[in-house]
Amino acid sequence: MGYGEAPWDFRGRALYQLSLVRVEEARKYVPAELPLVNFFGWTLGGFYLARYDDSPVGAFDECVALAGLAWNFPTSCAWAARVYVNNKEARDHGISSVGLPSRLAAFRALPLPQLAEQVQQPARLRGGGGDGGAAKGTSWWDLPHRRAARGGGERGAAAPGAGSATAAVELCNTEPARGRAGRAARGLAGPVCCLEMPRLKPAWAPKIQMFLPSFSGATPDHPALLKYSLKLTAHIRPLPPARVTFPADRSEAERSSGEVLDAVLGGRPLVCLAFDDMHIEVQPPELWQPKGAAAARPVAA
């Protein structure tokens, strides 16, 4: 199994949450050659959380931390600060072939009782957002998924029918937390964040098809800038924004790490969209250079 030749097809479902992120925070992850869409000091970031039932490497989960909206006339796209996946082939393909700052990750499902314990200990977590797991309904994370059907993936995950409903998902960067010679660490000792899962109720949603441009590259592993296109088809509907929380007891070393994305993932939520019965077709990336810009310089990744 492997990615093979493009186009690459992905099927599953996703949550796409747009948030307001400070431009100065987003700029840490976006190449200087690309302007950011700027609304009085704010840009559009957020996250994209997907559960793929089928892909070139089978079922896996992905969370993309979106730093901000990069602009290159006449197109714009959300720039990925980090891409977290729980599949090594997907991580390696993202780094080497698509120029993405991919990280190997664990997605740990937290049932309602465990989340309640964390809420009662506010010193451990901090953050903001919507009502997340408080509303009634089926947890978005617990909908049928091939990885869950095989046992939930990571240790401690709550598969459907295996106990309490999933109230939240703890995202952990499982790359080595110590850097190698001449290279910064790509992992974190503590969680990246905790995403409280929206509750779903039966609802009609229109089927929409979109053609989206994407920019990537400017990483130490792939210094050139890339662009690629994808076709997305899904039933799309709005949901209450998901609440995102973060460990409050990070060490000083971690707080200064570029792998801590609290300011990006913890932006002010604007809208959360559910993509159901999703099909994505990704075209191969091409080298490119923004209009009037010099060669890109890698950002910390």
Side-chain angles (χ1 to χ4, degrees), residues 6 8 14 16-50 62-85 91 93-103 173 183-184 186 192 210-232 257-271 273 280-301:
W8 302 299
Y16 190 10
Q17 181 156 306
L18 286 173
S19 305
L20 289 175
V21 176
R22 285 288 185 187
V23 167
E24 61 265 28
E25 294 294 337
R27 180 50 69 192
K28 297 175 183 178
Y29 303 97
V30 181
E33 295 76 16
L34 285 175
L36 283 166
V37 174
N38 189 331
F39 304 99
F40 304 101
W42 299 88
T43 188
L44 284 175
F47 69 83
Y48 165 88
L49 178 66
E62 176 181 58
C63 183
V64 183
L66 303 170
L69 199 60
W71 172 254
N72 186 63
F73 183 84
T75 60
S76 63
C77 83
W79 184 272
R82 292 293 182 271
V83 178
Y84 301 101
V85 293
R91 188 274 310 265
H93 174 80
I95 290 174
S96 62
S97 299
V98 194
L100 292 170
S102 299
R103 301 291 186 265
N173 179 343
R183 191 159 212 171
R186 290 188 169 185
V192 175
M210 297 180 285
F211 293 86
L212 304 172
S214 295
F215 307 146
S216 61
T219 66
D221 299 275
H222 208 300
L225 282 172
L226 300 171
K227 68 174 180 179
Y228 57 97
S229 63
L230 61 87
K231 180 174 73 174
L232 185 151
S257 168
E259 298 300 326
V260 173
L261 301 179
D262 297 7
V264 171
L265 291 167
R268 298 182 182 181
L270 296 178
V271 64
L273 299 174
I280 301 176
E281 183 181 282
V282 182
Q283 297 297 327
E286 301 174 348
L287 292 171
W288 77 293
Q289 193 167 306
K291 295 179 177 65
R297 283 178 266 178
V299 292

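Atom SG of C63 is separated from atom CG of N173 by 11.5 Å, given to the nearest 0.5 angstrom. In this structure, the separation between SG on C77 and OH on Y228 is 7.5 Å, given to the nearest 0.5 Å. Once rounded to the nearest 0.5 Å, the distance linking CG of L230 with OG of S214 reads 4.5 Å. In this structure, CG in L100 is found 11.0 Å from CZ in R82, a value given to the nearest 0.5 Å. One distance of note links CZ of R103 with OH of Y84; it measures 7.5 Å at 0.5 Å rounding. Atom CG of L34 is separated from atom CG of N72 by 6.5 Å, given to the nearest 0.5 angstrom.
One N or O on the side chain of S216 and one on the backbone of V98 form a donor-acceptor pair closer than 3.5 Å.
Here F215 pairs with W288 under the ring pair (Phe, Tyr, Trp, His ring centres under 6.0 Å) rule; sequence neighbours left out. H222 is linked by a ring pair (Phe, Tyr, Trp, His ring centres under 6.0 Å) to nothing, counting only residues two or more places apart in sequence or in another chain.
Results of the side-chain hydrogen bond (donor to acceptor under 3.5 Å, both in side chains) test with E25 over K28, R27, R22 single out K28 as the only residue that passes.
A heavy-atom distance below 4.5 Å is found between the side chains of S19 and P269.
Considering every non-hydrogen atom in both P213 and S76, the closest pair reads CG-O, 3.9 Å. Closest heavy-atom contact between A67 and A26: O-CB, 3.2 Å. Nearest heavy-atom pair across S97 and L226 is O-CD1, 4.3 Å. Scanning all heavy atoms of the two residues, the minimum distance from L261 to A65 falls at CD1-CB, 3.6 Å. Smallest separation of non-hydrogen atoms from A78 and L66: CB-CD2, 3.9 Å.
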Using residues 36-49 as the side-chain source, report each donor-acceptor pair under 3.5 Å to any protein atom, sequence neighbours left out, with the distance given to one decimal.
from : atom 1 : to  : atom 2 : distance (Å)
N38  : OD1    : F40 : N      : 3.4
N38  : OD1    : G41 : N      : 2.7
T43  : OG1    : V37 : O      : 2.8
T43  : OG1    : L69 : N      : 3.2
Y48  : OH     : Y52 : OH     : 3.0

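The number of heavy atoms from other shown groups lying within 6.0 Å of CZ (R268) does not exceed 12.
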